[in-house]
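Below you'll find the structure, written out as structure tokens, and then a few comments.
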Number of protein chains: 2
Amino acid sequence: MERTIDLASKAILQIAEREGYPTIWDRFAAQMPQCGFGELGTCCRICLQGPCRVRGAQLGACGATADAIVARNLARAIAAGTAAHSGHAKHLAHTLLRSAQGQAADYPIKDEAKLKAVAARLGIPADGKAADELAREVAQVALADFSEKQTPVAWAATNVTQGRVETFLKHGVMPTGIDSAISEVMHRTTYGCDADPVNLLLGGIKCALADFAGMHMATDLADILFSTPKPVVTQANLGVLKPDAVNIAVHGHNPVLSDVIAQVAHELDEEARAVGAPGGVNLVGICCTGNEVLMRHGIPSATHSVSQELAVLTGALDAIVVEYQCIMPGLATVAECYHTRLITTMPITKIPGATHIEFSEEKARETALKIIRQGIEAFKQRDPKKVNIPPHRSTAVAGFSTEAIVEALSQVNAEDPLKPLIDNIVNGNVQGVCLFAGCNNVRVPQDSSFIAMAKELASKNVLLLATGCGAGAFARHGLLTGDATSEYAGDGLKAVLTAVGQAAGLGGPLPLVLHMGSCVDNTRAADVAVAVANKLGVDLDRLPVVASAPEATTEKAIAIGTWAVAAGLPTHVGVVPPVLGGPAVAKVLTEDVKSLFGGYFIVETDPVMAAEKLVGAIEERRRGLAI
Amino acid sequence: MERTIDLASKAILQIAEREGYPTIWDRFAAQMPQCGFGELGTCCRICLQGPCRVRGAQLGACGATADAIVARNLARAIAAGTAAHSGHAKHLAHTLLRSAQGQAADYPIKDEAKLKAVAARLGIPADGKAADELAREVAQVALADFSEKQTPVAWAATNVTQGRVETFLKHGVMPTGIDSAISEVMHRTTYGCDADPVNLLLGGIKCALADFAGMHMATDLADILFSTPKPVVTQANLGVLKPDAVNIAVHGHNPVLSDVIAQVAHELDEEARAVGAPGGVNLVGICCTGNEVLMRHGIPSATHSVSQELAVLTGALDAIVVEYQCIMPGLATVAECYHTRLITTMPITKIPGATHIEFSEEKARETALKIIRQGIEAFKQRDPKKVNIPPHRSTAVAGFSTEAIVEALSQVNAEDPLKPLIDNIVNGNVQGVCLFAGCNNVRVPQDSSFIAMAKELASKNVLLLATGCGAGAFARHGLLTGDATSEYAGDGLKAVLTAVGQAAGLGGPLPLVLHMGSCVDNTRAADVAVAVANKLGVDLDRLPVVASAPEATTEKAIAIGTWAVAAGLPTHVGVVPPVLGGPAVAKVLTEDVKSLFGGYFIVETDPVMAAEKLVGAIEERRRGLAI
């Protein structure tokens, strides 16, 4: 199987092969064949009588059916994904609170307009309050959302349509606390608790809605602290590394550290020059913390997800600074083959072989500078003979927060910004909207499904949004450009993107895919859908809006997909999740759930077929709206 | 392999075999051979690139080592166990709050002395406050313990020695929220986060201390609501079922329902007689909810854990009412072979094939009566030809809460109740103390390890405490009696138990094993140890106190074992936990952790060897104290 369709990755993989440096593709190949029970989801390890593995009507030792085992495993994956996103959000809530209390000087409130908008949505009166006071109240409401309450999680109940709120309450899936929803899943999935697959799946959905809340909170608070993204032009792919600069990559997910590094990096340009790097400090991003600084500072993106080790294998990366999530421990192994310093910064994410420099908000700038200096130090050991920076890099226009999209649309209709979008959906120029999200997955030739699906959908006049590593894939392949719009968009879509792009002063069409942020920012796309639904007076489950994670990997992606379904979206997954061993579970997720929430999963590994199915789902929704 | 050493279970298993009814032993046999990777803990399913299975130095696709995989899996098991115990505690905290607010008439405060004692420990002034007011404050502190705070979890920090508090803070494992500790584990164990096995294990310990807090809270609040257990004499084993009565079993863990059922059961004796059951309603217990009503109401115990299906196979059980934890879904299958009604009551625990009658505190009595009437209805369908009640039952003296033990000791020395115990430890009459806890496990001939170890340790003058299914095993085999003391205790121990028993007016020795409650009540034993440590002025890690779970099964047992180790106790596990595939993890748990916390795991499947190792650990501690 081809490993990647990305030319830069291909080039570096040749070096890896030549030098015998192991990468994820090698280790994955060594795993073949994988365990069939694990793949089907029918392996149970929740008690010391196991592991039990069941087939068909066989039962686990305790009597659990395949469906119960599959549903429990899935619910736990959702809980883990929720814990990751909401851990990130909680981190930011603490930062915001410290900022508001004057205990975090490096974190001023950067976006008061967003602060006021978030406060308004939460029902916190802003009148006459200083920003710090309002921020404190918002942070307190945020932190309260983690504990179990008598009322719904605020961030879940105030960021969806009224129809969704009613649906969630009706089916008993409205979360009343984020951490408590996670605990509840862990409790109900332990030995001798919930054995009813449907009840377990509803529990999983409840937790996934807590995930939605945590994600939305993370985006809101990051925008308040670091500003809401606006369109920005940058570059993407390994070619953004510079032979004459100290190259430092920020990797992980939370901007709490990376944004500060982005703010201060150039303060040390002189120090970098002093050690022989005339290009100074060249900060680049990997994965979603890369997306965060790309969206807000235009920091170029080196790579994402499955190819993260390849950034080290260029021999030009002097330091790679990580916080948490999606950081392959394999990085430490390849870093040992080079001069690259792998620096961990969070107490909950350490890696054997890495240097640990613990980060704290109180000493953010100081720590950021210390970390950059590690890269400068390491640069001295860089071996120019081992440097191989692939020439590949693409221009990428990013920064399309919900606010930025509305702002662009308002250049067409200042009175009623959503009208041009809705009119074009109604007249069919835009057939529907697809949000691409999720990771790369070593099972899929890197980027291949993203690119094939995007081209197919664009040609069918589907407006494309993207986040996370999906957005990274599009960035690498030049799809975040107006040129791509000219090349790949169907006539209707092209006309709309061109009209908006020109009205917004871009001198050409909007990019074929609108980069909305990191994976935690998927709720930005939900916000657009909610705004359209509210304006049309219909619920989300009637809109021609779909979602896709063609190369999904993490438990976070499972949580996101689940809330997308609960939000009413037909949701494609391009790798087979471990549910097929539970036929009832698979049927509920792909069929029956539609009658409860409107959304449902579409599992399809072939990208062209997947695009066809999504177009079919969009057409069904259009017929439902009689448009 | 022999399935059980319990005569009643043996008798029913013959019927199961004759009739072809499947039990856990059959399903377990059908699982052979089990997956070696799962047994070693080296199977990773936390992302959609897996499952990965590693051997030796092999790495998962992402680069995770065997040790990282093992440590992550173990940390998640601890999180699940913590979620179960603390979900139980949170449930009671809400009940207490509703009680205090006058919203739960069926839950008056039954034990004001305990309420005051708990409040005092938490630093809540009681002076002049009505019970309801104090209960409200205690419930609020309890609920606050679930959320992340700037301060330690109150129930963790106030129920251990000062030395332990310092140790926990020093190693960064003092939890600051129960639910947040669970979420933190789920976050740090997701794809691309913590890859450092030692850091992961410390995270697991932090969560396990949240488990300790949740368990202690559950016990405290149950005592406040339902009274603190006092010595009580009852019967145990399947022979407690009555051919002429409506037999109803309560099964699960939380007394919030079962205690009310115990309170009202006899109100329906007449209704039972009216349908042809002259014996009225005969309430019996299974697993730890059985222990709860045994401790407080003397309700006989039918059976526990691995043999729960056998209660149905007597043909004499009319209803089995369950809430959550350790309820085998296989119960539904065997219930279908008989007239037995399986009734689920909690939203987070449903079982296909069961009748669901949702329980709420607001309608506790009403629901309890409705449930009992289900049993009376079912009795009409009982087929006398299918009834086989084994004649086996043993007398059991139970009810040894910490308070009850201190009360018994105070009959020897009213001024200084702990003095007789400490004096006898110092003079060697009592060599040490062993807490038996945990489940039965289908891998072990039922009860065999418990009984063999207890006899061995008692002969060596080790004072034995027990909880949960371990206490159940001892109850079935007659070890919760003074006669067993006469038969099995070494001379020193026998003298002490006899002296205290006679002083306490029992007319004979205390039982060989003191039944301290359900599995959630393990902290009662910790309280005894803390009191002794404080009186001696040494920390827990110097006491000749050990713990053992010879037949452990659940993730809860893993959490308990982990906090026992952190509390400083040498802790025996009699089944091999899935850690051997991570040599560094196994070494940390059995050796290195001793230098941090004093406690450590002893993994030994042979019960006689295990007893020897525990005696060795006790002797080492005695030498350390120069006694």
Side-chain angles (χ1 to χ4, degrees), chain A residues 24 27-28 31 34-35 38-39 45-53 59 61-64 68 79-80 83-84 87 146-148 179-180 182-184 186-188 190-196 199 203 324-330 333 348-352 441-443 552-555 575 577, chain B residues 24 27-28 31 34-35 38-39 45-53 59 61-64 68 79-80 83-84 86-87 146-148 179-180 182-184 186-188 190-196 199 324-330 333 348-352 441-443 552-555 575 577:
Chain A
I24 184 171
R27 294 186 299 265
F28 180 67
Q31 285 293 330
Q34 288 180 298
C35 174
E39 283 182 332
R45 293 181 324 209
I46 66 166
C47 85
L48 296 176
Q49 299 173 135
C52 287
R53 297 174 292 181
L59 302 174
C62 67
F146 289 87
S147 321
E148 191 168 291
D179 280 341
S180 62
I182 294 164
S183 292
E184 187 177 287
M186 296 309 288
H187 181 183
R188 76 193 301 160
T190 197
Y191 184 67
C193 288
D194 212 346
D196 180 329
N199 205 42
Y324 43 53
Q325 302 168 27
C326 302
I327 298 145
M328 284 168 28
T333 313
I348 63 163
T349 299
K350 295 186 179 177
I351 303 175
N441 184 310
V442 71
R443 293 178 188 281
T553 284
T554 67
E555 293 170 311
V575 295
Chain B
I24 184 172
R27 294 187 299 265
F28 179 67
Q31 286 294 329
Q34 289 179 297
C35 174
E39 284 182 332
R45 293 181 326 210
I46 66 165
C47 86
L48 296 175
Q49 300 172 135
C52 287
R53 298 173 291 181
L59 302 174
C62 67
S86 67
F146 289 88
S147 321
E148 191 167 291
D179 280 341
S180 62
I182 294 164
S183 292
E184 186 177 287
M186 295 309 288
H187 181 182
R188 76 194 300 159
T190 197
Y191 184 66
C193 288
D194 211 346
D196 180 329
N199 206 41
Y324 42 55
Q325 302 168 26
C326 303
I327 298 145
M328 283 167 29
T333 312
I348 62 162
T349 300
K350 295 186 179 177
I351 303 175
N441 185 310
V442 71
R443 293 178 189 280
T553 284
T554 67
E555 293 169 311
V575 296

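Residue numbering restarts at 1 for every chain, and letters A, B, ... go by the order of the sequence lines. Note: hydrogens, waters and symmetry copies are ignored here, and every other heavy atom, side chains too, is used.
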If you count heavy-atom pairs within less than 4.5 Å of chain A, which of [options] leads?
| options | result |
| --- | --- |
| B/R45, B/M186, B/M328, B/E148 | B/R45 |
| B/T333, B/T554, B/N441, B/T190 | B/N441 |
| B/S147, B/A195, B/G330, B/P577 | B/A195 |
| B/S183, B/G38, B/C47 | B/S183 |
| B/I24, B/I182, B/L59 | B/I24 |
| B/A68, B/A80, B/S86 | B/A80 |

Given that the side chain runs from C-beta out, which part of [X] has a heavy atom under 4.5 Å from chain A: side chain, backbone, both or neither?
| X | answer |
| --- | --- |
| B/N199 | side chain |
| B/Y324 | both |
| B/R53 | both |

Those residues at least two apart in sequence (or on a different chain) that pass salt bridge (charged side-chain N to carboxylate O under 4.0 Å, His left out) with A/E555 are B/R76

What residues form a salt bridge (charged side-chain N to carboxylate O under 4.0 Å, His left out) with B/R27, not counting sequence neighbours?
-> B/E309

Counting only heavy atoms closer than 4.5 Å, note whether A/V575 contacts chain B via side chain, backbone, both or neither.
-> side chain

With a 4.5 angstrom heavy-atom cut-off, which part of A/F146 approaches chain B: side chain, backbone, both or neither?
-> neither

